[in-house]
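Each ligand, and each atom within it, is numbered from 1 in the order the structure gives.
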Amino acid sequence: MLKIESVTYDITNGSGDVSILKNIDLDLEDNKFYALTGPNGGGKTSLARIIMGIYKNTKGKLYLDGVDITNFSITERAKAGISYAFQNPPRFKGLKISDLLKISVGNEKDALYARLKAVGLCPQDYFDRECDNSLSGGEIKRIELATVLSRPSKIIIYDEPEAGVDLWSFEKLLALIKKYHSHGGVTSIVITHHEKVLSLADEIILMAEGEIKERGPRESMWKILQGDFKCRWQKNCGGYEDELDCYRQ
Ligand SMILES: Nc1ncnc2c1ncn2[C@@H]1O[C@H](COP(=O)(O)OP(=O)(O)OP(=O)(O)O)[C@@H](O)[C@H]1O
Ligand SMILES: [Mg+2]
């Protein structure tokens with residue numbers, strides 16, 4: 001179980017001190033499929049980065065299976081079984097896609113080809129390509145998904161797996177995520193704005209303004225998301241409609 005206890009993340013920038021995450025308490029059970037959603041800028045990616053150890057929380061503690069991982073490095077957390085698929089995956093200039101996959105899959109060509117096919121990439125087109133900026137947004141998301149699913153994990157956080165992926169492929173990638181989950185032994189946390197992902201979750205967690213606002217089973221949360229939620233925490237500085245005129249000549 002992942003336990004997040006009173007986690008706060010404060011930063012100092014040009015506007016002064018800003019609290020990005022405010023006193024987050026969250027218990028995530030083993031083997032559950034969670035969807036984490038909420039308005040843009042609500043703190044979802046920041047929370048994922050805190051869990052992965054990319055950001056260091058200002059206050060609070062994190063425990064994995066009862067072990068205090070608060071001071072674990074990214075590598076130590078990865079070894080403990082935490083994986084994170086980035087919202088915007090990093091590129092690795094000079095590294096071939098096959099070499100990236102070999103780290104977790106090994107050198108067997110058929111196995112490497114199978115990993116690429118499973119995320120909808122033709123191996124002969126991608127095997128020897130560099131993992132650099134020439135890859136499209138959807139291609140790099142698929143490659144990252146292939147690498148994350150090739151590592152043994154207890155917890156996988158997928159940050160907007162839908163981002164950049166075409167309409168025809170997203171359902172297949174989501175089915176892959178769900179199938180991986182259904183084999184057991186992993187807690188899946190999917191950060192998403194997509195109804196299809198929400199409809200598959202055991203539980204939906206709603207974040208806004210750096211706080212967990214609501215959480216619960218999919219059915220009850222669905223009503224909240226469909227209701228007045230979008231008005232309550234969506235920052236719009238007075239309404240989009242009033243501003244539209246500035247685009248009209
Ligand atoms: N290093 C930073 N410096 C300044 N502000 C930051 C920093 N990191 C995050 N923020 C701010 O913290 C808030 C939360 O960002 P975060 O990326 O966690 O949101 P999110 O919920 O993932 O949003 P989205 O749905 O758009 O991906 C945003 O307002 C963002 O601009
Ligand atoms: Mg985000």
**Q.** Contact bool for atom 6 (C) of ligand 1 (protein heavy atom, d < 4.0 Å)
**A.**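 Flag for atom 6 (C) of ligand 1 set to true, protein heavy atom closer than 4.0 Å.
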Q) Any protein heavy atom under 4.0 Å from atom 31 (O) of ligand 1? A) no
Give me the nearest non-hydrogen protein atom to [atom] as residue plus atom name, then the distance to 0.1 Å.
atom: atom 8 (N) of ligand 1; result: Tyr55 OH, 3.7 Å
atom: atom 15 (O) of ligand 1; result: Ser46 OG, 3.8 Å
atom: atom 24 (P) of ligand 1; result: Asn40 ND2, 3.6 Å
atom: atom 21 (O) of ligand 1; result: Lys44 NZ, 2.7 Å
atom: atom 12 (O) of ligand 1; result: Ile20 CD1, 3.1 Å
atom: atom 3 (N) of ligand 1; result: Ile11 CD1, 3.1 Å
atom: atom 29 (O) of ligand 1; result: Gly41 O, 3.8 Å

Q | Gap between atom OH of Tyr55 and atom CG of Leu21 - 0.5 Å precision | A | 9.5 Å
Q | Metal proximity, Gln87 vs the Mg ion (ligand 2), N/O/S cut-off 2.8 Å | A |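 So Gln87 counts as coordinating the Mg ion (ligand 2), yes.
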Q: Examine Thr45 and say whether one of its N/O/S atoms is closer to the Mg ion (ligand 2) than 2.8 Å.
A: yes
Return the minimal non-hydrogen interatomic distance between [X] and [Y], and the atom names on each side.
X: Ala48; Y: Tyr84; result: CB-CE1, 3.5 Å
X: Glu211; Y: Lys213; result: OE1-NZ, 2.8 Å
X: Arg215; Y: Leu28; result: NH2-CD2, 4.4 Å

Q. Counting only N and O atoms by type, is there a donor-acceptor contact under 3.5 Å from the side chain of Ser19 to the main-chain atoms of Asp10?
A.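 It does not hold such a pair.
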Q | Polar side-chain atom of Lys141 near backbone of Ala163 as donor-acceptor pair, under 3.5 Å | A |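 No; zero donor-acceptor contacts below 3.5 Å.
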Q) If you group Ile, Leu, Val, Met, Phe, Trp and Tyr by side-chain heavy-atom gaps below 4.5 Å, do Ile69 and Ile157 land in one group? A) yes
Q. If two hydrophobic side chains count as joined below 4.5 Å and joins carry through other members, does Ile155 share a cluster with Tyr158?
A. no
Heavy atoms of other groups near [X] [atom1], more than 12 under 6.0 Å:
X: Glu195; atom1: CD; result: no
X: Lys178; atom1: NZ; result: yes
X: Lys56; atom1: NZ; result: yes

List every atom of ligand 1 that sits less than 4.0 Å from any heavy atom of [X], numbering the atoms from 1 in the order shown and giving each element.
X: Gln87; value: 27 (O)
X: Gly43; value: 14 (C), 18 (O), 19 (O), 20 (P), 21 (O)
X: His193; value: 25 (O)

Proximity to ligand 1 by part of [X], non-hydrogen separation under 4.0 Å:
X: Asn13; result: side chain
X: Thr45; result: both
X: Met207; result: neither

Q: Say whether Arg49 and ligand 1 are in contact under the criterion: heavy-atom distance to a ligand atom below 4.0 Å.
A: no
Q) Do Arg129 and Ser134 meet the criterion of a side-chain donor-acceptor pair at a distance under 3.5 Å? A)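 A pair is found: one side chain offers a donor N or O, the other an acceptor, under 3.5 Å apart.
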Q. Has ligand 1 got any nitrogen or oxygen that is less than 3.5 angstrom from a nitrogen or oxygen of Gly42?
A. yes
